[in-house]
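To keep things clear, I will list the structure first and then write my remarks on it.
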Amino acid sequence: MTEQLFNFTFWDYFAFFAYFFLLSAIGWWYGRKKSKDSSDYFLAGRSLPWYVVGSSYIAANISTEHFIGLIGAAVIYGISVATGEWSTVIAFTFLIWLFIPYLLTSKVLTTPEYLEKRFSKKIRSIFAGISILANVFAFMGPVIYGGSLILVEFFELSPLTACIIIGITTGGWAIWGGLKSVAFMDVLTILIMIFGGLTVTFLGLSYLGEGNGIIAGFTKMVDVNLGGELWSKEWINENVTNILKGSQEGDYYNRLSVLQPLNHYSNPWTHWVFSFFYIGLWYTVINQTMIQKVFAAKDTYHARAGMVLAGYLKLLLPVIVVIPGLIFFAMQPEYLTSGDWAFQSDEANKTYIIMINILVPTFLKGVLLAALFGAIQSTVSSVLNSTSTMFTVDFYGESINENASSEQMVRVGKISGTLFLLLSIGFAVMLATATKVNLFILIQALYTFIAPPFSALFLLGMLWKKVNGRDALVTVIGGFAMAGFLKFLEFGPLADSTSTFAGIIKPFANQALITWIFSMLICAVSTLLTSDKHLNPEAENLTFNVKGEALREGLGSKWYNGIFFWWLLSVLLLIAIILIFSVFIK
């Protein structure tokens, strides 16, 4: 099976540019009113309904990390890479029931601003600075790079040209129209991505079924991924050492289990149990890019209902961005039998592009190209908007010009957004020309380095009002010191080791768990040594209180619009998925 360039017809171009025109019209319509109020620009005037909150939250989350990186990772590692998506339902549970009431009642524009109210101005500055760097180098840069792969493969553009085009076309509306343009564009984007993604999945299963339908195709997909054909069994036996650190060639590896051993490089079983604590808290609750949509909700009900919708979209997402990788593995791509592990991991990034080329008919190719572009556009726009928001609110308005007017804040937001976009394009060019790495693995490794200290601090700080600014600073410094030490072990003394200890330490998910536990311990010890005279007077209103009225707001008036009913159903669906891919399919 060889890769070939696309032969687009008039109708493919028509479908894509129709989507692009409609998307631009939405961006223009919702950004046309040039309000000088910074709240309108950065938080859409706190007016978003629940379906926009949920759609925009997930659209910002879905990117080339998924369509390019995650599908490619599924080819290499199997179904286990879906755990990061499905386990998000657990994170959303904490967000819905614990964090949303207090985040909204604080009336802040950014999560760094919340952290100042809860802890100190130093923590606000540190978190804002690290978040801005993460947005450029762990979000926008890799996403633009992933988008450039599409243009390179579709139109034979150079990586430099492709990165520039992707960056400018995806970031423009965020700079021009602010969050309202971004959020309402995301509603169209999520619909196109779901339709396009499901199309590829069903066409892929039909292809494997060889005329006998998608059920037959699903059966073949399962059989091949379990090593039911000689070539797939040999591939699994040969490459298990790259997947399970410290293992020997021929050791058992189940590509269709979501529960993997501790030495699994990308998704050990601990990722299910603890991923919320060491990465989910940071990503879903205090990551400005994500939570900005919640801050912009009409009220607590719309914020909570939006996150319930987001939970269902997350349950659906692996059908779109993981199953295709399992299908492609069953199609026996040539690169799996040629080249080393690094070559195969890099080539796997092109999986979705090749599948569209092989499977998708005229016109639908244009729709799929639109879905891919939408994934890039929504993420870049949301990250860019949140990055300029943090720089403007947490640095410019707080330290540079404390008396800045709303009009000045909006102007600075647009200028800083432009500069951050250019920096991200530069990093994307570097990734496109100087690296060979699976995009999903790169981004996950960056996330699991950044998140644990802040996740530990935020959890204890929300539950324990005695945690103060000094405790927070000790936690952040100590946590990053531990994360750096573990990276030193991975690439230094343990680089060539095949011991059990090395097998546990090397997976970045395990490093994140160790860092999180260490950060929790540091925070707890520091807090126990803290005198009550150092308590933050605002902590009482910003920490969990089971008797507080905020917890009972926005729950819905009837069972059919009740937050509890729809949340519980999503949790039961999650449990069913775990049982299917750990007990029933073997």
Side-chain angles (χ1 to χ4, degrees), residues 65-91 201 218 221-228 232-233 235-247 251-276 278-280 283 314-330 336 341 344-345 348-349 351 437-445 447-448 503-504 506-513 574-586:
E65 174 199 350
H66 294 80
F67 281 102
I68 302 299
L70 189 55
I71 289 178
V75 175
I76 301 297
Y77 295 95
I79 194 68
S80 63
V81 298
T83 58
E85 306 306 316
W86 285 326
S87 64
T88 307
V89 172
I90 302 171
T201 299
F218 182 84
M221 179 195 75
V222 170
D223 180 62
V224 175
N225 277 270
L226 289 176
S232 63
K233 182 178 181 179
W235 186 91
I236 294 169
N237 289 339
E238 179 182 341
N239 288 286
V240 67
T241 57
N242 296 307
I243 300 171
L244 303 180
K245 295 302 178 180
S247 64
D251 284 355
Y252 176 73
Y253 177 61
N254 184 355
R255 286 175 50 85
L256 293 184
S257 175
V258 295
L259 299 178
Q260 294 293 346
L262 274 174
N263 59 333
H264 192 281
Y265 181 66
S266 64
N267 294 88
W269 66 266
T270 50
H271 190 72
W272 270 109
V273 180
F274 298 109
S275 63
F276 163 72
Y278 62 69
I279 189 172
Y283 190 82
K314 275 291 191 179
L315 290 175
L316 175 64
L317 194 56
V319 178
I320 298 171
V321 296
V322 175
I323 298 298
L326 304 181
I327 293 170
F328 195 62
F329 182 87
L336 289 182
W341 178 256
Q344 293 178 22
S345 296
N349 286 326
T351 294
V437 63
N438 180 270
L439 190 60
F440 171 76
I441 298 300
L442 169 66
I443 294 175
Q444 290 300 308
Y447 287 176
T448 51
I504 293 174
K506 286 183 179 181
F508 52 76
N510 291 348
Q511 292 179 22
L513 177 59
L574 174 63
I575 294 171
I577 288 169
I578 296 173
L579 291 174
I580 290 171
F581 287 103
S582 61
V583 176
F584 299 118
I585 296 181
K586 289 186 177 181

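Throughout, residue positions are numbered sequentially from 1 according to the sequence presented. Every heavy atom of this structure was used, including side-chain atoms; hydrogens, water molecules and symmetry mates were not. These numbers come from a predicted model, not from an experiment.
Using a 4.5 Å heavy-atom threshold, the side chains of V322 and Y77 count as separate. Side-chain contact between R255 and L326: present, with at least one pair of heavy atoms (C-beta onward) separated by less than 4.5 Å. Contact check for I90 versus L574: side-chain heavy atoms found under the 4.5 Å cut-off.
Rounded to the nearest 0.5 angstrom, S582 OG and I79 CD1 are separated by 11.5 Å. Here the straight-line distance linking atom CG of L513 with atom CD1 of I279 works out to 12.0 Å at 0.5 Å rounding. A distance of 5.5 Å separates CZ in F274 from CH2 in W269, rounded to the nearest 0.5 Å. Taking CG of N254 as the reference point, atom CG of L259 lies at 10.0 Å (rounded to 0.5 Å). The line from CD1 of I580 to CD1 of I575 is 12.0 Å long, rounded to the nearest 0.5 Å.
Contact between P318 and A82 at its shortest, heavy atoms only, is CB-CB, 3.8 Å. Nearest heavy atom pair, residue I76 against residue A348, reads CG1-CB, 4.0 Å.
For the pairing with F328, the side chain to side chain contact (heavy atoms under 4.5 Å, CB included) check across I71, L336, V75 returns one residue only, V75.
Every residue meeting the side-chain contact (heavy atoms from CB on, under 4.5 Å) condition with D251, not counting sequence neighbours, appears here in chain and number order: V240, S247, Q248. Every residue meeting the side-chain contact (heavy atoms from CB on, under 4.5 Å) condition with V319, not counting sequence neighbours, appears here in chain and number order: L198, T201, L316. By the side-chain contact (heavy atoms from CB on, under 4.5 Å) test, Q260 is found to be paired with S80, Y253, S257, H264, residues two or more places apart in sequence or in another chain being considered. Shown here are the side-chain hydrogen bond (donor to acceptor under 3.5 Å, both in side chains) partners of T270, two or more places apart in sequence or in another chain: N510. With sequence neighbours left out, the salt bridge (charged side-chain N to carboxylate O under 4.0 Å, His left out) criterion links K245 to no other residue. Remark: F329 engages W231, W235 in a ring-ring contact (aromatic ring centres under 6.0 Å, His included) (not counting sequence neighbours). Evaluation of the ring-ring contact (aromatic ring centres under 6.0 Å, His included) rule for W86 yields F581 as partners, not counting sequence neighbours. In this structure T351 satisfies the side-chain hydrogen bond (donor to acceptor under 3.5 Å, both in side chains) test together with Y335, sequence neighbours excluded. For T88, there are no side-chain hydrogen bond (donor to acceptor under 3.5 Å, both in side chains) partners two or more places apart in sequence or in a different chain. With sequence neighbours excluded, the residues satisfying side-chain hydrogen bond (donor to acceptor under 3.5 Å, both in side chains) with Y283 are N61. With sequence neighbours left out, the side-chain contact (heavy atoms from CB on, under 4.5 Å) criterion links N237 to K233.
Distance alone, capped at 3.5 Å, is enough to place a donor-acceptor pair between the Q511 side chain and the K506 backbone. For N263 (side chain) and G246 (main-chain N/O), no donor-acceptor pair under 3.5 Å exists by modelled atom type.
Using cut-offs of 30° and 60° for the angle between ring planes, the Y265 and F508 rings count as perpendicular.
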